[in-house]
Amino acid sequence: MKKLALLTLGFLITFSINAQDKRLKNIDKELNKILESTQAAGFAVAVVEGDKVIYAKGFGFRDYENKVPVDANTLFAIGSSTKAFTSSILGLLRADDKLSFDDHPKKYIPELEFYNDDMNNNIIIKDLMRHSTGLPRHDGSWYYFPSHDKDSLLMRLKYQEPFTGIRQQWFYNNFGFLAQGVIAERITGKSWEDNLKELFFTPLEMTRTNATIAEMKLASNASYGYEVKNDIIKKMDYYDIAGMSPAGSINSSVNDMSKWLITWVNDGKYKGEEIIPESYINEAMSSQMVVGANIPDDKFPDIHFANYGYGWFLQSYKGHYRVDHGGNIDGFSANVAFFPSDNIGIVVLANQNGSPVPSLVRNTLADRMIGEERTDWIGRYEENKEKGKKSQKEVEENSETSFVKNTKPSHINLDYTGSYANEAYGNFKIYVENDSLFSKLNNDKMYLHHYHYDVYELIEVYGGKVDTTQYGKSVKASFITNEAGDISGAEIKIEPAVKAIMFKRTPNTIDVDPKTLDLYTGSYDISGTEIKVYTKKDVLYLFVKGQPEYEQIATSKHKFSFKALEGFKIEFLESEDGKINEVKMIQPNGTFIAKRKE
């Protein structure tokens with residue numbers, strides 16, 4: 001009860017401050033319009049000026065189904081707004097002479113390898129901090145194939161193809177921030193999560209902030225995440241970002257995040273104590289890489305340039321220098337922004353997937369706080385939304401599709417089943433259920449809908465039902481056959497900046513008891529060539545003189561695949577009396593029958 005009273009008092013103080021600030025007159029009315037217009041379940045916002053919080057409030061609901069309201073202490077996932085925290089850890093380590101931003105990452109992670117020698121020899125820590133490695137996002141690697149082991153995720157970088165050279169073009173990449181987190185772990189001997197708590201959460205009194213979904217689920221006053229589908233607000237499952245945490249796993253409230261903003265607005269100090277070195281603050285919010293030209297246009301006439309610092313985007317907004325970073329993860333969107341020359345900071349946290357709310361609220365408040373002409377951001381949003389609907393309808397009506405009607409797959413469903421693997425991404429299985437093909441990506445069930453020929457669409461299954469609205473719009477898997485005519489893999493266009501990612505297929509295997517294996521053993525003859533079949537430690541082998549022995553993998557009754565040779569299979573033929581007297585040798589150059597020798 002005492003804690004509740006203190007929280008209530010805090011809100012009374014906040015509201016009395018709001019009433020005294022003429023710049024924020026009637027702001028609640030405008031923010032409620034944004035909530036209504038965007039169909040958001042809820043959001044929270046805080047505004048800081050200098051070393052004070054001058055506005056903090058929640059709108060809508062953190063639990064939409066039960067109508068539990070959002071307040072300034074409600075926890076939200078902040079997504080990639082986490083990145084500024086991760087880079088700041090390195091800023092503190094540099095201040096202690098523990099590293100240089102010009103060091104090679106391999107100095108701290110010796111086993112780290114990139115795709116080619118140029119990247120291995122020339123990428124420096126600064127490239128990880130400002131997205132200048134030449135790597136595209138490759139987000140499918142961690143999003144669909146997560147791991148809690150940061151080190152194992154980093155090892156995937158060796159196989160991830162760049163799309164350009166180092167420092168030639170800015171391109172957002174989460175793996176660079178994972179690497180920063182691991183570098184800090186190697187130097188400090190502490191986990192990234194513990195570094196966060198020790199360096200930031202504790203000294204900034206961010207008592208409700210955490211960095212894992214497990215803590216989010218156990219926390220009081222935590223929001224659920226939502227999405228809007230067909231104008232209906234639907235709850236989404238929390239997404240566990242797992243080992244990719246340094247790129248975006250923090251969960252926080254606007255009250256806690258306001259302390260982070262106060263630190264940045266005040267040259268790295270909080271309540272007079274230095275939390276982050278001022279030299280790092282100045283460097284992190286300075287242009288380290290050009291994102292794009294961003295010449296003012298009709299759509300954004302007040303936005304000038306688009307650059308990147310260390311975990312921050314940099315722009316000029318209506319002539320005022322703006323530093324900000326958004327965040328998006330399943331069911332949540334965020335924006336953390338400050339105007340260094342104006343000593344103003346704004347944080348917006350929303351429980352809506354891919355939401356326009358954070359930028360709309362930020363801009364609406366920024367216009368008031370920096371004293372510039374107020375733009376009708378809600379009107380502009382609604383106008384653009386209508387234009388977008390019309391454009392989408394026109395595209396759908398006039399688009400030419402490569403879809404070819406009345407085609408069939410080249411194989412039966414069973415032939416597509418198996419395990420599919422790519423070293424840069426991970427593994428997934430395809431299986432048959434009720435005469436249809438299914439898979440699971442990060443435990444999300446996916447239906448493989450036949451598109452045409454050997455191309456299938458990966459369609460999400462919600463609540464046991466296939467989302468048929470996604471037919472013709474989803475990611476496609478193109479299955480590949482080898483010389484023997486078997487399905488050998490699938491190409492999936494997960495990363496748009498590079499060619500389709502190839503996942504190599506391994507057929508599903510079955511267990512065969514030793515007694516059954518003994519039925520196959522013996523010598524077989526094919527045109528005078530002897531083929532020996534035998535077992536070692538309950539594993540079946542095939543041997544031809546002058547060649548290595550070939551280990552066999554059981555795929556179905558009497559059928560085996562060569563473990564080390566793609567496209568080579570054998571099938572033992574059972575006679576009417578139940579004996580095995582022949583073996584069919586299936587090879588890329590033909591099929592041959594070998595008969596058992598007496």
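Both backbone and side-chain heavy atoms feed into the values below; hydrogens, waters and symmetry mates do not.
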Check: Tyr144 ring centroid to Phe428 ring centroid under 6.0 Å: no
So, Glu198 and Lys190, do they make that salt bridge, N to O below 4.0 Å? yes
Ser258: what forms a side chain to side chain donor-acceptor pair (under 3.5 Å) with it, not counting sequence neighbours? none
So does Glu457 pair up with Lys476, basic N to acidic O under 4.0 Å? yes
Is the NZ or CZ atom of Lys67 both under 6.0 Å from the centre of the six-membered ring of Tyr64 and within 45° of that ring's axis? yes
Does Tyr453 OH have over 12 foreign heavy atoms under 6.0 Å away? no
Would you call the rings of Tyr425 and Phe503 parallel, tilted or perpendicular, where under 30° means parallel and over 60° means perpendicular? perpendicular
Find the distance between NZ (Lys259) and CE (Met206) and round it off to the nearest 0.5 Å. 8.0 Å
Is a salt bridge present between Arg156 and Glu423, judged by a nitrogen-to-oxygen distance below 4.0 Å? no
So, is the end of the Lys445 side chain (NZ or CZ) under 6.0 Å from the ring centre of Phe438 and within 45° of the ring's axis? yes
Looking at the rings of Phe177 and His131, which for Trp means the six-membered one, are their centres under 6.0 Å apart? yes
Any donor-acceptor N/O pair, Thr74 side chain to Val70 backbone, under 3.5 Å: no
Testing His325, Gln288, Arg130 for side-chain hydrogen bond (donor to acceptor under 3.5 Å, both in side chains) with Tyr308, which one passes? His325
Taking Val466's backbone N and O only, do any of them form a donor-acceptor pair with Glu460's side chain (distance below 3.5 Å, no angle check)? no
Should Phe101 and Tyr310 be marked as a ring pair (Phe, Tyr, Trp, His ring centres under 6.0 Å) after you check the CA-CA gap, both sets of side-chain angles, and the distance that decides it? CA-CA 11 Å; Phe101 293 171; Tyr310 300 144; 5.5 Å; yes
Between the side chains of Lys150 and Glu193, is the shortest nitrogen-to-carboxylate-oxygen separation below 4.0 Å, so that they form an ion pair? yes
Any salt bridge linking Glu113 with Lys106? Criterion: basic side-chain nitrogen under 4.0 Å from a carboxylate oxygen. no
Begin with the C-alpha distance, continue with both residues' side-chain angles, and end with the deciding distance and a verdict on salt bridge (charged side-chain N to carboxylate O under 4.0 Å, His left out) for Lys158 and Glu111. CA-CA 10 Å; Lys158 178 180 179 180; Glu111 70 274 26; over 6 Å; no
When you check the gap from the basic side-chain N to the acidic O, do Asp467 and Lys229 get nearer than 4.0 Å? yes
For Asp151 and Arg186, what are the C-alpha separation, side-chain angles and deciding distance, and is it a salt bridge (charged side-chain N to carboxylate O under 4.0 Å, His left out)? CA-CA 11 Å; Asp151 292 339; Arg186 298 293 178 91; 3.3 Å; yes
Side-chain donor or acceptor of Asp256 paired with backbone N/O of Thr209 under 3.5 Å: yes
Run Ser252 and Ile78 through side-chain contact (heavy atoms from CB on, under 4.5 Å) and show every step you take. CA-CA 7 Å; Ser252 191; Ile78 73 168; 4.1 Å; yes
Is there a donor-acceptor contact under 3.5 Å from the side chain of Asp96 to the main chain of Lys98? no
Answer yes or no: are there more than 12 heavy-atom neighbours, outside Asp103 itself, under 6.0 Å from its atom CG? yes
Is the gap between the ring centers of Phe163 and Phe171 under 6.0 Å? yes
